[in-house]
Amino acid sequence: MMNKIRTSKGVVKTASKKLRSKSTSKSVKSIAGSALRNRSK
């Protein structure tokens with residue numbers, strides 16, 4: 001069963017900024033990547 005909860009546009013923007021930042025830790029990048037995977041298609 002698919003997860004019906006989707007990531008909002010604001011969260012996607014913040015997550016993509018965190019992924020592009022060189023100073024972001026691995027754990028934050030992992031969470032940001034997870035948020036991007038859950039965005040609506």
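Quick note: residue numbers are just sequence positions, from 1. Note that this is a predicted model, so its numbers are computed, not measured.
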Partners meeting side-chain contact (heavy atoms from CB on, under 4.5 Å) with S34 (sequence neighbours left out)
R37, N38
For T24, check side-chain hydrogen bond (donor to acceptor under 3.5 Å, both in side chains) against everything at least two apart and list the hits.
S21
Kindly compute the distance separating OG (S25) from NZ (K18), expressed to the nearest 0.5 Å.
9.0 Å
Give a yes or no on whether the backbone of V12 and the side-chain of S16 come within a donor-acceptor separation of less than 3.5 Å.
yes
Please list, chain by chain and in numerical order, all residues satisfying side-chain contact (heavy atoms from CB on, under 4.5 Å) with L19, sequence neighbours excluded.
K29, A32, L36
